[in-house]
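Accompanying notes for the structure given below.
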Amino acid sequence: MRKIIHIIALLSFISCNRANPEEYKQYINGYWEIERVVLPDGTKKEYNFNQSVDFFEVKDSIGIRKKVQPKLDGSFIVTKDSELFTLEVQNDSLRMYYKTPLSEWKETVISAKENQIIIKNEDGNMYFYKPYKKISL
(Lines give C-alpha, C1' and ligand atoms only; values in the text may rest on other atoms or scores of the structure.)
Protein backbone atom coordinates (compact mmCIF):
# COMPACT_ATOMS: atom_id res chain seq x y z
CA MET A 1 0.00 0.00 0.00
CA ARG A 2 2.79 2.39 0.91
CA LYS A 3 4.47 1.71 -2.43
CA ILE A 4 1.28 2.63 -4.32
CA ILE A 5 1.02 5.91 -2.40
CA HIS A 6 4.63 6.74 -3.34
CA ILE A 7 3.95 6.02 -7.01
CA ILE A 8 0.83 8.19 -7.00
CA ALA A 9 2.72 11.01 -5.28
CA LEU A 10 5.55 10.76 -7.82
CA LEU A 11 3.16 10.82 -10.77
CA SER A 12 1.36 13.84 -9.32
CA PHE A 13 4.66 15.65 -8.83
CA ILE A 14 5.77 14.93 -12.42
CA SER A 15 2.47 16.01 -13.96
CA CYS A 16 2.36 19.23 -11.92
CA ASN A 17 5.89 20.18 -12.95
CA ARG A 18 5.46 19.47 -16.65
CA ALA A 19 6.09 22.55 -18.76
CA ASN A 20 3.18 24.18 -20.54
CA PRO A 21 4.06 24.24 -24.27
CA GLU A 22 1.79 27.28 -24.75
CA GLU A 23 4.31 29.26 -22.68
CA TYR A 24 7.12 28.43 -25.10
CA LYS A 25 5.68 30.84 -27.68
CA GLN A 26 6.86 33.88 -25.72
CA TYR A 27 10.52 32.87 -26.09
CA ILE A 28 10.69 32.09 -29.81
CA ASN A 29 10.93 35.65 -31.16
CA GLY A 30 14.42 36.89 -31.85
CA TYR A 31 17.80 35.99 -33.25
CA TRP A 32 19.00 32.49 -32.41
CA GLU A 33 22.13 30.61 -33.39
CA ILE A 34 22.66 26.87 -33.39
CA GLU A 35 24.88 25.81 -30.52
CA ARG A 36 24.82 22.07 -31.23
CA VAL A 37 22.85 19.33 -32.95
CA VAL A 38 22.25 15.90 -31.44
CA LEU A 39 21.38 13.17 -33.92
CA PRO A 40 19.05 10.27 -33.04
CA ASP A 41 22.04 7.94 -32.54
CA GLY A 42 23.49 10.33 -29.94
CA THR A 43 26.16 11.83 -32.20
CA LYS A 44 26.76 15.51 -31.35
CA LYS A 45 27.90 18.29 -33.65
CA GLU A 46 29.09 21.46 -31.90
CA TYR A 47 28.89 24.88 -33.58
CA ASN A 48 31.51 27.29 -32.26
CA PHE A 49 30.82 29.85 -34.98
CA ASN A 50 27.81 30.38 -37.23
CA GLN A 51 27.90 32.34 -40.46
CA SER A 52 24.13 32.53 -40.39
CA VAL A 53 21.60 33.01 -37.63
CA ASP A 54 17.90 32.10 -37.52
CA PHE A 55 15.52 35.00 -36.99
CA PHE A 56 12.09 33.99 -35.67
CA GLU A 57 9.10 36.30 -35.47
CA VAL A 58 5.75 35.08 -34.18
CA LYS A 59 2.49 37.02 -34.00
CA ASP A 60 -0.44 35.14 -32.56
CA SER A 61 0.22 31.64 -33.90
CA ILE A 62 1.74 32.61 -37.27
CA GLY A 63 5.49 32.88 -37.64
CA ILE A 64 8.31 33.47 -40.05
CA ARG A 65 11.82 32.06 -39.91
CA LYS A 66 14.60 33.78 -41.85
CA LYS A 67 18.29 33.11 -42.27
CA VAL A 68 20.36 36.23 -41.63
CA GLN A 69 24.09 36.83 -41.71
CA PRO A 70 25.55 39.06 -38.98
CA LYS A 71 27.83 41.93 -40.00
CA LEU A 72 30.55 43.44 -37.84
CA ASP A 73 28.59 46.70 -37.42
CA GLY A 74 25.75 44.82 -35.71
CA SER A 75 23.39 44.82 -38.70
CA PHE A 76 22.38 41.77 -40.72
CA ILE A 77 22.39 40.67 -44.31
CA VAL A 78 18.96 39.14 -44.85
CA THR A 79 19.06 36.13 -47.15
CA LYS A 80 16.24 35.13 -49.46
CA ASP A 81 15.64 32.03 -47.32
CA SER A 82 12.46 32.43 -45.29
CA GLU A 83 9.73 30.06 -44.25
CA LEU A 84 6.26 30.68 -42.88
CA PHE A 85 4.97 28.44 -40.12
CA THR A 86 2.02 28.06 -37.81
CA LEU A 87 2.25 27.13 -34.15
CA GLU A 88 -0.13 24.59 -32.64
CA VAL A 89 -0.18 22.82 -29.31
CA GLN A 90 -0.82 19.12 -29.95
CA ASN A 91 -0.36 16.17 -27.63
CA ASP A 92 1.21 18.36 -24.92
CA SER A 93 3.82 19.68 -27.39
CA LEU A 94 4.29 22.89 -29.35
CA ARG A 95 4.51 22.09 -33.06
CA MET A 96 5.80 24.31 -35.87
CA TYR A 97 4.07 23.48 -39.17
CA TYR A 98 5.85 24.67 -42.30
CA LYS A 99 4.42 24.78 -45.79
CA THR A 100 6.22 25.96 -48.92
CA PRO A 101 5.38 25.44 -52.59
CA LEU A 102 7.85 22.53 -52.60
CA SER A 103 7.34 20.85 -49.25
CA GLU A 104 5.51 20.49 -45.94
CA TRP A 105 7.05 19.48 -42.61
CA LYS A 106 6.76 19.92 -38.89
CA GLU A 107 9.13 20.48 -36.02
CA THR A 108 8.53 20.13 -32.29
CA VAL A 109 9.63 22.70 -29.75
CA ILE A 110 11.00 20.48 -26.98
CA SER A 111 11.83 23.41 -24.72
CA ALA A 112 11.94 27.18 -24.96
CA LYS A 113 13.18 29.63 -22.41
CA GLU A 114 15.00 32.93 -22.34
CA ASN A 115 18.46 31.45 -22.93
CA GLN A 116 17.77 28.30 -24.99
CA ILE A 117 15.40 26.78 -27.50
CA ILE A 118 15.47 23.09 -28.39
CA ILE A 119 13.73 22.06 -31.61
CA LYS A 120 13.38 18.50 -32.90
CA ASN A 121 12.82 17.90 -36.61
CA GLU A 122 11.01 14.99 -38.24
CA ASP A 123 14.28 13.09 -38.68
CA GLY A 124 14.78 13.14 -34.91
CA ASN A 125 17.64 15.68 -34.97
CA MET A 126 17.61 17.97 -31.92
CA TYR A 127 18.77 21.54 -32.52
CA PHE A 128 19.97 23.45 -29.47
CA TYR A 129 19.79 27.20 -30.02
CA LYS A 130 21.28 29.98 -27.95
CA PRO A 131 20.48 33.69 -28.27
CA TYR A 132 22.64 35.44 -30.83
CA LYS A 133 25.15 37.86 -29.35
CA LYS A 134 26.73 40.60 -31.42
CA ILE A 135 30.30 39.90 -32.47
CA SER A 136 32.76 41.90 -30.35
CA LEU A 137 36.24 42.55 -31.60
Side-chain angles (χ1 to χ4, degrees):
M1 182 68 168
R2 180 174 256 174
K3 193 173 190 176
I4 292 172
I5 293 172
H6 285 266
I7 291 171
I8 292 171
L10 179 62
L11 290 174
S12 296
F13 177 76
I14 291 170
S15 65
C16 290
N17 288 321
R18 183 173 286 159
N20 178 358
E22 189 71 38
E23 294 177 2
Y24 294 163
K25 291 179 183 181
Q26 66 183 315
Y27 299 110
I28 294 174
N29 285 326
Y31 295 91
W32 294 89
E33 63 181 313
I34 296 173
E35 187 173 26
R36 72 182 176 280
V37 177
V38 178
L39 304 178
D41 67 2
T43 304
K44 294 179 187 173
K45 178 169 172 107
E46 300 287 335
Y47 289 83
N48 297 319
F49 176 78
N50 293 296
Q51 288 186 322
S52 64
V53 173
D54 285 352
F55 171 73
F56 292 92
E57 184 176 37
V58 177
K59 292 182 180 170
D60 297 319
S61 290
I62 306 293
I64 188 165
R65 178 186 210 164
K66 293 182 184 181
K67 292 286 186 188
V68 299
Q69 296 173 343
K71 293 172 48 177
L72 291 177
D73 67 2
S75 64
F76 295 94
I77 297 170
V78 180
T79 67
K80 293 181 181 180
D81 297 329
S82 69
E83 297 150 343
L84 292 172
F85 62 88
T86 57
L87 288 173
E88 292 181 29
V89 174
Q90 286 186 335
N91 301 326
D92 295 330
S93 296
L94 182 61
R95 312 272 189 206
M96 303 170 82
Y97 289 95
Y98 295 87
K99 186 174 184 178
T100 69
L102 302 175
S103 186
E104 290 183 31
W105 69 97
K106 75 176 175 184
E107 296 177 329
T108 302
V109 179
I110 301 299
S111 173
K113 48 191 174 187
E114 191 174 300
N115 61 351
Q116 184 183 60
I117 295 177
I118 304 170
I119 297 175
K120 184 176 182 179
N121 70 10
E122 290 180 313
D123 294 329
N125 300 331
M126 303 245 308
Y127 292 82
F128 291 74
Y129 287 88
K130 64 182 179 181
Y132 170 74
K133 291 190 177 144
K134 182 180 169 185
I135 300 168
S136 299
L137 298 177

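Keep in mind the model is a prediction, meaning the values are calculated, not measured.
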(message) Let me check something: do Val89 and Ile119 share a hydrophobic cluster, defined by ILVMFWY side-chain heavy atoms less than 4.5 Å apart, either directly or through other members?
(response) yes

(message) My understanding is that only residues two or more places apart in sequence, or in another chain, count here; which of them pass side-chain hydrogen bond (donor to acceptor under 3.5 Å, both in side chains) with Glu88?
(response) Gln90

(message) Could you tell me if the side chain of Glu107 sits less than 4.5 Å from the side chain of Val109, heavy atoms only?
(response) no

(message) Is there a path of hydrophobic side-chain contacts, each under 4.5 Å between heavy atoms of I/L/V/M/F/W/Y residues, joining Trp32 to Phe85?
(response) yes

(message) Per the ring-ring contact (aromatic ring centres under 6.0 Å, His included) rule, what does the pair list look like for residues 100-120, sequence neighbours excluded?
(response) Tyr98-Trp105

(request) Enumerate the residue pairs fulfilling salt bridge (Lys or Arg N to Asp or Glu O under 4.0 Å) with a member in residues 120-134, sequence neighbours excluded, ordered by first and then second residue. (result) none

(message) To the closest 0.5 Å, what do you measure between CD (Glu35) and CD (Glu46)?
(response) 7.0 Å

(message) Test of understanding: with side chain to side chain contact (heavy atoms under 4.5 Å, CB included), list the residues that count as partners of Tyr27, not counting sequence neighbours.
(response) Ala112, Glu114

(message) Quick check on the hydrophobic clustering: are Ile110 and Tyr24 connected, directly or via other members, by side-chain heavy-atom contacts under 4.5 Å?
(response) no

(message) Counting C-beta onward and ignoring hydrogens, is there a side-chain heavy-atom pair between Ser61 and Thr86 closer than 4.5 Å?
(response) no

(message) Could you check whether Asp54 and Tyr31, counting side-chain N and O atoms only, form a donor-acceptor pair closer than 3.5 Å?
(response) no

(request) Answer with yes or no whether the hydrophobic clustering places Leu87 together with Phe56; edges join I, L, V, M, F, W, Y residues whose side-chain heavy atoms lie under 4.5 Å apart. (result) yes

(request) Quick one: name the residues clustered hydrophobically with Leu102, using the 4.5 Å side-chain heavy-atom rule over I, L, V, M, F, W, Y, and just say none if it's on its own. (result) none

(request) Just jot down the side-chain hydrogen bond (donor to acceptor under 3.5 Å, both in side chains) partners of Thr43, sequence neighbours excluded, or say none. (result) Asp41

(request) Would you mind reporting whether Leu94 and Thr108 have side-chain heavy atoms less than 4.5 Å apart? (result) no

(message) Any side-chain to backbone donor/acceptor pair from Thr79 onto Lys67? Under 3.5 Å, distance only.
(response) yes

(message) The criterion is side-chain hydrogen bond (donor to acceptor under 3.5 Å, both in side chains); which residues satisfy it with Ser82, sequence neighbours excluded?
(response) none

(message) When you compare the side chain of Lys99 with that of Leu84, does any pair of heavy atoms fall below 4.5 Å?
(response) no

(message) Taking transitive links into account, so neighbours of neighbours count too, which hydrophobic residues share a cluster with Ile77 at under 4.5 Å side-chain distance?
(response) none

(message) For Val37, give me all partners under side chain to side chain contact (heavy atoms under 4.5 Å, CB included), at least two apart in sequence or on another chain.
(response) Ile34, Leu39, Tyr47, Asn125, Tyr127

(message) Hydrophobic clusters here meaning ILVMFWY residues chained together by side-chain heavy-atom distances under 4.5 Å, can you tell me if Phe55 and Tyr129 are in one?
(response) no

(message) Taking transitive links into account, so neighbours of neighbours count too, which hydrophobic residues share a cluster with Ile62 at under 4.5 Å side-chain distance?
(response) none

(request) Applying side chain to side chain contact (heavy atoms under 4.5 Å, CB included), name anything that partners Asn91, two or more places apart in sequence or on another chain. (result) Arg95

(request) Kindly indicate whether a cation-pi arrangement holds for Arg36 with Phe128, taking the cut-offs as under 6.0 Å to the six-membered ring centre and within 45° of the axis. (result) yes

(request) List in chain and number order the residues that pass side-chain hydrogen bond (donor to acceptor under 3.5 Å, both in side chains) with Ser75, two or more places apart in sequence or in another chain; answer none if no residue qualifies. (result) Asp73

